[in-house]
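Remarks on the structure that follows.
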There are 2 protein chains.
Amino acid sequence: MASSTVENYVKTLYFIEQGRPGALVAMGELASSMQVAPGTATAMVKTLSDSGLVEYERRGGCRLTQNGRTLALAIVRRHRLIEQFLVKTLGLDWSEVHEEAEQLEHVISDKVLDRIDQLLGYPDVDPHGDPIPTAEGRVSAVPMESLQDVAPGQETVIARVTDQKPAFLQYLDAQGLVPGARITMQRIDTPADSVTVLVAENSITLGGSAVRKILVERRADKMP
Amino acid sequence: MASSTVENYVKTLYFIEQGRPGALVAMGELASSMQVAPGTATAMVKTLSDSGLVEYERRGGCRLTQNGRTLALAIVRRHRLIEQFLVKTLGLDWSEVHEEAEQLEHVISDKVLDRIDQLLGYPDVDPHGDPIPTAEGRVSAVPMESLQDVAPGQETVIARVTDQKPAFLQYLDAQGLVPGARITMQRIDTPADSVTVLVAENSITLGGSAVRKILVERRADKMP
DNA sequence: ACGGTGTTGTTGACTACTCAAAGTTAAAAG
DNA sequence: CTTTTAACTTTGAGTAGTCAACAACACCGT
């Protein structure tokens with residue numbers, strides 16, 4: 001059984017590798033993601049390599065093996081199912097479930113997870129719109145685009161928010177900017193790096209860093 | 001924050017102390033309950049003592065302090081609420097929830113626990129009939145007696161089963177001998193150390209060690 | 001080709017928990 | 001009152017994970 005620490009390293013590697021398949025992850029990058037000293041990351045990656053979870057190239061970096069990726073997907077599945085469960089069944093706020101799930105994901109058994117999955121009706125996204133991998137490790141790839149790429153005047157639906165920080169999520173929640181919300185792009189102010197959207201009769205202006213964390217549904221007619 | 005290990009030692013001490021208030025718990029007894037070497041228990045009790053959770057008398061034994069007892073009750077509360085939740089909400093079998101809860105009890109936050117409590121309608125017993133301490137650490141003391149003390153011909157209701165072993169619980173479940181079940185004492189065979197009870201039209205004979213683990217409701221007219 | 005710069009690897013040390021084995025002590029048995 | 005015994009404590013060592021600090025290295029620009 002992989003320890004919580006091992007699971008966290010593997011999960012972190014999985015997210016770093018996202019979007020740059022095959023590339024090596026530098027020890028420094030891993031260390032800063034894990035908030036540990038560089039030497040700690042090196043030592044840990046060696047043991048991950050011994051367990052066959054990563055390939056390690058001395059002074060090059062590391063990448064997940066197939067086994068490592070499978071483990072990572074299992075943890076991500078746990079995490080997101082737990083988040084969905086905490087929101088839907090226990091009524092917690094979407095801004096606080098990430099931290100809770102961070103703990104629970106290492107402890108919940110497969111049996112309990114299956115029951116949760118069933119109780120929720122086999123959801124395919126979590127409260128932030130992140131896709132829940134299947135038990136077999138498949139992740140659905142729904143086409144999305146960043147809110148910043150929506151043309152002014154266009155109406156769209158929020159699909160996903162790629163930030164787990166409670167303060168940010170609480171803010172979005174208060175403005176009604178949650179997955180499923182129907183919004184209209186009003187204005188894009190490039191020099192000011194801000195956009196203004198209309199949600200439920202209210203105009204809201206967001207800075208670029210916030211806008212880039214909001215993904216919206218991609219309309220069929222815009223697909224490549 | 002107390003580690004899982006610390007929590008397990010404190011919980012174990014709490015159960016050992018049950019029914020002999022004030023008495024010292026010997027290191028050997030603690031060690032065998034925790035399935036560790038005697039020296040390990042000694043070492044751990046010293047650190048518990050440093051944290052103010054137990055009083056330790058060298059070559060005498062130890063006992064929980066008020067802080068230790070409070071922590072123990074919080075863990076027992078967690079454990080039993082989680083068991084009830086796993087059975088009632090997720091539909092797990094009562095024979096398998098003990099092990100699950102054993103893991104989860106160290107990780108569930110107070111917030112999640114409160115939601116579970118609320119969802120279950122503030123239950124006062126777990127699936128085995130064990131009382132769930134309140135958040136303030138109060139344990140309800142419902143009067144019960146052992147099934148072995150019920151007179152032949154008398155009808156009663158199973159209230160509690162004081163054994164968490166899956167095999168035993170599965171057996172009881174299959175016979176319908178679960179908390180809430182209405183049973184009638186048929187025969188007590190003292191030389192054979194067995195009793196025969198009637199449950200839902202079926203006669204079932206149980207050995208003494210099994211019978212002693214089954215507690216039944218004590219009728220008002222038998223109360224002291 | 002060469003040296004500076006920043007990243008990486010190694011070393012020694014620390015915490016928390018564990019064991020085996022040897023040493024100590026209290027108390028029962030003679 | 002002494003011996004034996006059983007329980008207890010101490011000691012030395014090991015694992016997992018961590019850090020700080022130093023050493024080794026690769027690469028970039030000159």
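Letters go in sequence order (proteins before strands), and every chain restarts at 1.
In this structure, B:M34 places its CE atom 6 Å from P of C:dT18, rounding to the nearest Å. Rounding to whole angstrom units, CG of residue B:D50 and P of C:dC17 are separated by 12 Å. Remark: P of D:dA23 and CZ of A:R59 are 14 Å apart, rounded to the nearest angstrom. Whole-Å rounding puts the A:H106 NE2 to D:dG17 P distance at 12 Å. Between the CE atom of A:M27 and the P atom of C:dT10 there is a distance of 12 Å, rounded to whole Å. Here C:dT7 presents its P atom at 15 Å from CG of A:L30, a figure rounded to the nearest Å. If you measure from atom NZ of B:K46 to atom P of C:dC17, you get 15 Å, rounded to the nearest angstrom. One can place CE of A:M44 at 12 Å from P of D:dC19, the figure rounded to the nearest angstrom.
Looking at heavy-atom distances under 4.0 Å, A:G28 makes contact with sugar-phosphate atoms alone, never a base. Nucleic acid contact class of B:E29 (heavy atoms, under 4.0 Å, all strands): none. Within 4.0 Å (heavy atoms only), B:T40 reaches at least one base atom of the nucleic acid. Counting any heavy atom pair closer than 4.0 Å across all strands shown, A:S3 reaches sugar-phosphate atoms only and no base atom.
Checking B:T196 against B:T205 by side-chain atom types alone, a donor-acceptor pair falls below 3.5 Å. No side-chain donor-acceptor contact under 3.5 Å links A:N67 and A:T65.
Under the 4.0 Å criterion applied to side-chain N and carboxylate O atoms, A:R80 and A:E105 are not assigned as salt-bridge partners. A salt bridge links A:D193 with A:R212: the closest approach of a Lys/Arg side-chain nitrogen to an acidic carboxylate oxygen falls below 4.0 angstrom.
Residue B:Y9 places no side-chain N or O under 4.0 Å from the OP1 or OP2 atom of C:dA16. Neither OP1 nor OP2 of D:dC8 sits under 4.0 Å from any side-chain N or O of B:Y56.
Considering only residues two or more places apart in sequence or on other chains, A:E136 meets the side-chain hydrogen bond (donor to acceptor under 3.5 Å, both in side chains) condition with A:T134.
A residue-by-residue look at B:A26 and A:A43 shows that B:A26 has its nearest nucleotide of DNA chain D further toward the 5' end. Remark on DNA chain D: of its neighbouring residues B:R58 and A:R58, the 5'-side contact belongs to B:R58, judged by nearest-heavy-atom nucleotide.
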